[in-house]
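Step one of this worksheet: look at the structure below.
Only this structure's heavy atoms are used, side chains among them; waters, hydrogens and symmetry mates stay out. This one's a predicted model, so the numbers in the text were calculated from it and none came from an experiment. Throughout, numbering of the chain's residues begins at 1 and tracks the sequence.
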Amino acid sequence: MDLPPALARVVAAALAEVADGHAVEVRTVAEELTTQEAADLLGVSRPFVVKLVDGGELPARRVGTHRRLRRADVLAHRERMRAATAEALQDLTDDAQALGFYDADPRMPGAEGPPSAAPA
């Protein structure tokens, strides 16, 4: 049987894991998720996902009274969340650098620190 190269790599990796004594699970993945499944994937609460959907930040469709979300949309939102977090962290780091928080510890004798951190 001819396998596409990407699939052959996956099968080889699975066989290597089995050979090392590890368990390998193969299963189908649903294309649509419940709000709880989306919350689990995002690492947030289900009510937070509902707010994202109701606020238009995360697309979903209604099935009766239930919401269903496309896995691709949830994964794309997760990447946007990660990028925003990384950007905010970089901004904080840049601000701390500009304020001199990465300079020498002002509590150390003879060390120079930011002027505002000098002991009173």
Side-chain angles (χ1 to χ4, degrees):
M1 174 183 282
D2 289 331
L3 295 177
L7 183 56
R9 285 191 298 273
V10 170
V11 170
L15 291 174
E17 289 296 320
V18 170
D20 288 342
H22 299 126
V24 174
E25 180 178 356
V26 177
R27 61 186 175 101
T28 59
V29 177
E31 182 61 30
E32 282 195 324
L33 305 172
T34 65
T35 52
Q36 184 61 58
E37 290 168 333
D40 293 342
L41 194 57
L42 294 174
V44 299
S45 69
R46 190 194 63 78
F48 184 75
V49 169
V50 171
K51 286 181 185 178
L52 291 174
V53 170
D54 291 347
E57 293 183 52
L58 194 55
R61 71 181 185 96
R62 296 284 257 193
V63 178
T65 59
H66 302 283
R67 296 169 183 86
R68 294 291 180 263
L69 298 90
R70 287 185 39 225
R71 177 177 298 278
D73 293 335
V74 174
L75 293 174
H77 185 78
R78 182 175 70 180
E79 289 310 308
R80 287 191 303 273
M81 286 174 47
R82 287 181 177 170
T85 299
E87 183 180 345
L89 184 57
Q90 186 62 54
D91 289 346
L92 286 172
T93 303
D94 293 345
D95 290 346
Q97 182 92 31
L99 292 170
F101 289 163
Y102 290 107
D103 295 341
D105 188 344
R107 295 170 292 182
M108 298 293 291
E112 294 182 22
S116 61

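Looking at every heavy atom in both residues, Asp73 comes nearest to Leu58 through O-CD1, 3.7 Å. A pairwise comparison of heavy atoms in Leu42 and Val74 identifies CD2-O, 3.6 Å as the closest pair. In terms of heavy-atom proximity, Gln36 sits nearest to Arg46 at OE1-CB, 3.5 Å.
Grouping Ile, Leu, Val, Met, Phe, Trp and Tyr by side-chain contacts under 4.5 Å, direct or through others, leaves Leu89 on its own.
In terms of the side-chain contact (heavy atoms from CB on, under 4.5 Å) criterion, residue partners of Leu75 (sequence neighbours excluded) are, by chain and number, Leu41, Arg71, Arg78. Scanning for side-chain contact (heavy atoms from CB on, under 4.5 Å) contacts around Asp54 gives Val50, Arg67, with sequence neighbours left out. The side-chain contact (heavy atoms from CB on, under 4.5 Å) search around Gln90 returns Thr93, Asp94, not counting sequence neighbours. With sequence neighbours left out, the side-chain contact (heavy atoms from CB on, under 4.5 Å) criterion links Ala96 to Phe101, Tyr102.
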task: Dump the intermediate steps for side chain to side chain contact (heavy atoms under 4.5 Å, CB included) on Arg68 and Leu33, then the final yes or no.
output: CA-CA 6 Å; Arg68 294 291 180 263; Leu33 305 172; over 6 Å; no

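Taken from CD in Glu32 to NE2 in His66, the straight-line distance is 13.0 Å, to the nearest 0.5 Å.
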Identify each donor-acceptor pair in which a side-chain atom of residues 8-26 lies under 3.5 Å from a protein atom, sequence neighbours left out, and give them as a table.
from	atom 1	to	atom 2	distance (Å)
Glu17	OE1	His22	ND1	2.9

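With a 4.5 Å cut-off on side-chain heavy atoms, Leu52 and Val44 do not count as touching.
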